[in-house]
*Asks:* 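Sharing a structure, written as structure tokens. Questions coming.
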Amino acid sequence: MTDGEWGGEAGGVVGRSWDEPSAEGRGDPFDDALALANGTAPLRVGPGAGPEITAVSAPYAAGGAVAAASSATGGGDAPYTPDDPFAPDDPAAARSGPSGPVDPTPPTGPGPRPTPAAVSWHTARRLAARAAPGPPGPETSALGETLGRTLAAPLTALTDLPSFDTSAMDGWAVAGPGPWRLDRPADAPEAGPPSGILAGHAPTEALLDGHAIPIATGARVPSGATAVLRSEHGEARELSDGGRRLYAPRPAPPGQDIRPRGQECRRGDQLLPAGALVTPAVLGLAAAAGYDELTAYRRPRAEVFVLGDELLDEGLPRDGRIRDALGPMLAPWLHALGVEAAAPRHLADEADTLYAALAESTADVVITTGGTASGPVDHVHPTLRRLDAEVLVDGVAVRPGHPMLLARLAPRRHLVGLPGNPLAAVSGLLTLAEPLLRTLAARRPAAPYRTPLAAAVTGHPQDTRLVPVAYRDDERHGLTAVPLRFHGPAMLRGIAAADGLAVVPAGGAERGTELEILELPWSAGWLAGWTPGRSAPGDPYDPPEATGGRA
Ligand SMILES: Nc1nc2c(c(=O)[nH]1)N[C@H]1C(S)=C(S)[C@@H](COP(=O)(O)OP(=O)(O)OC[C@H]3O[C@@H](n4cnc5c(N)ncnc54)[C@H](O)[C@@H]3O)O[C@H]1N2
Ligand code: MOO
């Protein structure tokens with residue numbers, strides 16, 4: 001059973017690619033998925049919609065529930081067994097779907113709120129990317145302030161580059177064929193080498209035919225010069241008449257070692273289009289092209305609220321309490337995604353505290369950690385209802401992290417609810433927060449990157465899995481992705497050693513299967529030196545599985 005087939009609603013409506021035309025007059029998939037998540041508007045079913053659409057007119061409709069239930073049992077032949085590491089602990093939960101129970105009837109009174117069916121992982125990412133209408137307005141800022149932001153206007157050269165004919169080498173500027181007269185300029189001291197033209201100095205006199213003058217790399221070539229002769233290719237000799245001559249064993253063809261003005265660009269040329277990411281190299285180019293400031297979209301602003309009274313900010317775990325692993329991780333991770341994130345705030349597990357924090361926040365995106373499930377102090381869902389927030393995604397068919405959620409607090413303010421288990425929070429960050437923040441930062445989606453697996457990976461029966469992998473490059477197999485140990489939902493040991501997360505489809509993947517890899521913002525180069533054989537027993541690269549729980 002594929003992810004797209006799972007859950008009825010997800011397969012029939014929101015599992016369709018956004019790029020496909022809306023077939024046969026069906027409703028907009030985004031609106032449909034929204035209606036599913038909120039239980040509000042019915043799907044707009046056009047004439048000729050397929051039977052799988054008509055069966056799903058509301059999130060709690062029997063058709064959806066039947067489909068979800070049948071998918072949860074694997075359509076009658078569920079591929080997992082009781083001792084499968086991914087098999088649900090609770091058989092009732094297994095029957096009710098991979099991401100929580102799906103109530104076949106609409107809510108009619110007090111009692112537990114039915115959970116809408118989870119959407120597929122790919123759909124969740126698309127919904128998150130489309131949740132915000134676009135980036136906040138552009139701002140003009142000093143160059144250094146724009147690193148990691150997206151250009152809101154094309155970068156157009158303010159000058160020719162180079163802006164003058166430039167010597168590419170240390171040596172002599174020569175005019176015409178050699179040998180050349182090396183006259184000591186009138187203002188040169190009697191002793192020592194003849195002075196020449198240094199970088200940053202503008203030559204005032206033209207070079208006469210048959211003459212040469214010492215010149216430094218980067219210096220402006222005098223008018224009349226036809227070439228630059230490198231210092232190692234010429235020899236200056238004193239003559240009996242007191243003059244000096246420059247000899248070269250080979251001719252100096254016109255233009256040799258001169259970078260002509262405008263070689264890289266002419267003033268007014270477009271160097272980069274609007275939408276380019278401001279990288280360190282772009283800052284360098286912009287400075288070279290004459291910019292002191294750039295117009296770029298402002299960084300999205302995020303606030304992180306860490307929920308959980310059991311969390312300690314320092315010291316060793318004690319008395320049933322544990323260290324907060326998400327606060328220290330999320331702010332720098334968000335910075336790496338080009339987001340302005342204040343230091344995380346630790347909130348007490350009280351509904352009113354969360355309500356006040358969310359109501360007062362002015363951030364573009366609020367990220368909460370923990371409290372997404374239905375435990376006694378899991379206040380995220382009730383607080384969103386109290387705030388009358390619009391839930392866009394409520395559960396995703398992905399392991400770990402399936403209780404993750406996305407809600408709209410106001411037209412341009414969103415909340416991403418990350419599950420408390422640390423690797424599940426990473427999964428939510430990459431599944432929902434990253435696409436949303438990418439839209440807000442006007443960043444282009446990374447081109448999907450696929451790498452063959454170095455070893456088989458077990459799959460979840462219905463859901464996508466995100467599994468930490470490290471790249472290995474060897475002569476025999478080329479670049480492969482090695483699945484790492486310690487990938488349980490409460491573990492960070494695998495992801496801390498990873499270059500990315502492999503997107504493992506339902507059912508798993510064999511060794512050699514090319515899988516999409518979600519790269520981590522800092523992965524390039526950090527572990528590039530790692531080769532097989534250097535791993536020590538117990539390190540994350542060791543192949544045996546140790547999940548410490550279901551993912
Ligand atoms: N009855 C059910 N219970 C749970 C389900 C379910 O479907 N039905 N889902 C499980 C899954 S899967 C996850 S993931 C968690 C999500 O729970 P919450 O988002 O409500 O998170 P908490 O309960 O607050 O915490 C879960 C776990 O993570 C630890 N935690 C929380 N915050 C941090 C942090 N900042 N640093 C380190 N560790 C953290 C917390 O102590 C818990 O151990 O729900 C399951 N339950
Ligand atoms: O999200 Mo949970 O098990 O999937 O950690």
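Counting starts at 1 for both ligands and their atoms, following the listed order.
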*Asks:* Under 4.0 Å, counting heavy atoms only: does Gly371 come that close to any atom of ligand 1?
*Replies:*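 Flag set, Gly371 near ligand 1.
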*Asks:* Quick one: look at Asp378 and ligand 1, take heavy-atom pairs under 4.0 Å, and tell me if it's side chain, backbone, both or neither.
*Replies:*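 Within the 4.0 Å criterion, Asp378 contacts ligand 1 through side-chain atoms alone.
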*Asks:* Considering only heavy atoms from C-beta outward, does the side chain of Arg485 approach that of Arg493 to under 4.5 Å?
*Replies:*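 Of all side-chain heavy-atom pairs linking Arg493 with Arg485, none is under 4.5 Å.
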*Asks:* Check ligand 2 against Pro403 and write out every atom of the ligand that is under 4.0 Å from a heavy-atom position of the residue.
*Replies:*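 Heavy-atom distances to Pro403 below 4.0 Å select 1 (O).
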*Asks:* Just by modelled atom types, is the Ala341 backbone N or O under 3.5 Å from a matching donor or acceptor in the His335 side chain?
*Replies:*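 At least one qualifying donor-acceptor pair exists.
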*Asks:* For ligand 2, which is the ligand I care about here, please tell me if Arg399 has any N or O atom under 3.5 Å from one of the ligand's N or O atoms.
*Replies:*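 The answer is no, given that Arg399 and ligand 2 share no N or O pair closer than 3.5 Å.
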*Asks:* For Ala424 and ligand 1, does the shortest N/O to N/O distance drop below 3.5 Å?
*Replies:*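 No - when backbone and side-chain N and O of Ala424 are compared with those of ligand 1, no distance drops under 3.5 Å.
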*Asks:* Minimum distance, heavy atoms only, to atom 4 (O) of ligand 2: which one of Gly428, Gly395, Ala373, Gly401 is it?
*Replies:*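 Residue with the shortest heavy-atom distance to the ligand atom: Gly401.
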*Asks:* Check whether any N or O atom of Gly327, backbone or side chain, sits under 3.5 Å from an N or O atom of ligand 1, and answer yes or no.
*Replies:*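 Between Gly327 and ligand 1 (N or O atoms, distance only) the closest approach is not under 3.5 Å.
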*Asks:* Going by the order shown, which atoms of ligand 1 are within less than 4.0 Å of some heavy atom of Arg323?
*Replies:*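 Once the distances to Arg323 are compared, the set is 36 (N), 37 (C).
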*Asks:* Examine Thr372 against ligand 1 and note whether any of their N/O atoms are separated by less than 3.5 Å.
*Replies:*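 By distance alone, the answer is yes.
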*Asks:* Under 3.5 Å, side chain of Arg318 to main-chain N/O of Leu312, donor-acceptor pair present?
*Replies:*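 Between the backbone of Leu312 and the side chain of Arg318 there is no qualifying donor-acceptor contact (under 3.5 Å).
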*Asks:* Would you mind reporting whether Leu311 and Leu326 have side-chain heavy atoms less than 4.5 Å apart?
*Replies:*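 They are not in contact (no side-chain heavy atoms under 4.5 Å apart), so the answer is no.
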*Asks:* Counting C-beta onward and ignoring hydrogens, is there a side-chain heavy-atom pair between Arg345 and Phe305 closer than 4.5 Å?
*Replies:*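 Answer yes - side chains close enough.
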*Asks:* Do any N or O atoms from the side chain of Arg149 and from the backbone of Ala296 form a donor-acceptor pair under 3.5 angstrom?
*Replies:*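 Flag set: sc Arg149 to bb Ala296 pair under 3.5 Å.
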*Asks:* Using only atom types and a distance under 3.5 Å, with no angle test, would you say the side chain of Arg125 pairs donor to acceptor with the backbone of Leu430?
*Replies:*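 Looks like yes, one N/O pair under 3.5 Å.
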*Asks:* Is it the side chain (CB and beyond), the backbone, both or neither of Val380 that lies under 4.0 Å from ligand 1, heavy atoms counted?
*Replies:*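 Looking at Val380 and ligand 1, no heavy atom falls under 4.0 Å.
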*Asks:* Spell out, as yes or no, whether a donor-acceptor pair under 3.5 Å connects the side chain of Arg298 to the backbone of Pro136.
*Replies:*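 Checking the backbone N and O of Pro136 against the side chain of Arg298, no donor-acceptor pair under 3.5 Å is found.
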*Asks:* Assess whether a salt bridge exists between Arg408 and Glu390, defined as any Lys/Arg side-chain N lying under 4.0 Å from an Asp/Glu carboxylate O.
*Replies:*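 Salt bridge between Arg408 and Glu390, a charged N being under 4.0 Å from a carboxylate O: yes.
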*Asks:* Heavy-atom distances under 4.0 Å decide this one: backbone, side chain, both or neither, for His402 against ligand 1?
*Replies:*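 The answer is the side chain of His402.
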*Asks:* Determine whether a donor-acceptor pair (N or O, by modelled atom type, separation under 3.5 Å) exists between the side chain of Asp349 and the backbone of Asp309.
*Replies:*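 Confirmed, Asp349 side chain pairs with Asp309 backbone.
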*Asks:* Give the contacting part of Ser427 toward ligand 2: side chain, backbone, both or neither, where contact means a heavy-atom distance below 4.0 Å.
*Replies:*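 Contact part for Ser427 vs ligand 2: neither.
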*Asks:* Any side-chain heavy atom of Leu479 sitting closer than 4.5 Å to one from Asp473?
*Replies:*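 Yes, their side chains come closer than 4.5 Å.
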*Asks:* Out of all atoms in ligand 1, which are within 4.0 Å of some heavy atom of Val306? Include the element for each.
*Replies:*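 Counting from 1, the qualifying ligand atoms are 35 (N).
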*Asks:* Enumerate the atoms of ligand 1 whose separation from the nearest heavy atom of Leu311 is less than 4.0 angstrom.
*Replies:*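 Selected atoms, number and element: 32 (N), 33 (C), 34 (C), 35 (N), 36 (N), 39 (C).
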*Asks:* Going by the order shown, which atoms of ligand 2 are within less than 4.0 Å of some heavy atom of Ala424?
*Replies:*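 The atoms of ligand 2 under 4.0 Å from a heavy atom of Ala424 are 1 (O), 5 (O).
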*Asks:* Where the closest heavy atom to atom 17 (O) of ligand 1 is concerned, which of Ala373, Pro422, Ser374 has it?
*Replies:*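 Heavy atom nearest to atom 17 (O) of ligand 1 belongs to Ala373.
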*Asks:* For His402, counting its heavy atoms only, list the atoms of ligand 2 lying under 4.0 Å from any of them.
*Replies:*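 Contacts of ligand 2 toward His402, numbered from 1: 1 (O), 4 (O).
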*Asks:* If the cut-off is 4.0 Å to any non-hydrogen atom of Asp324, which atoms of ligand 1 fall inside it?
*Replies:*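 Those qualifying, in numeric order: 34 (C), 35 (N), 36 (N).
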*Asks:* Closer than 4.0 Å to some heavy atom of Pro489 - which atoms of ligand 2 meet that?
*Replies:*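 Those atoms are 3 (O), 5 (O).
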*Asks:* Which of the atoms in ligand 2, numbered in the order shown and given with their element, are less than 4.0 Å from a heavy-atom of Asn421?
*Replies:*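 So the answer, numbered in order with elements, is 5 (O).
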*Asks:* At their closest point, which heavy atom of Thr383 faces which heavy atom of Tyr355, and how far apart are they?
*Replies:*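 That closest heavy-atom pairing would be CG2-CA, 3.6 Å.
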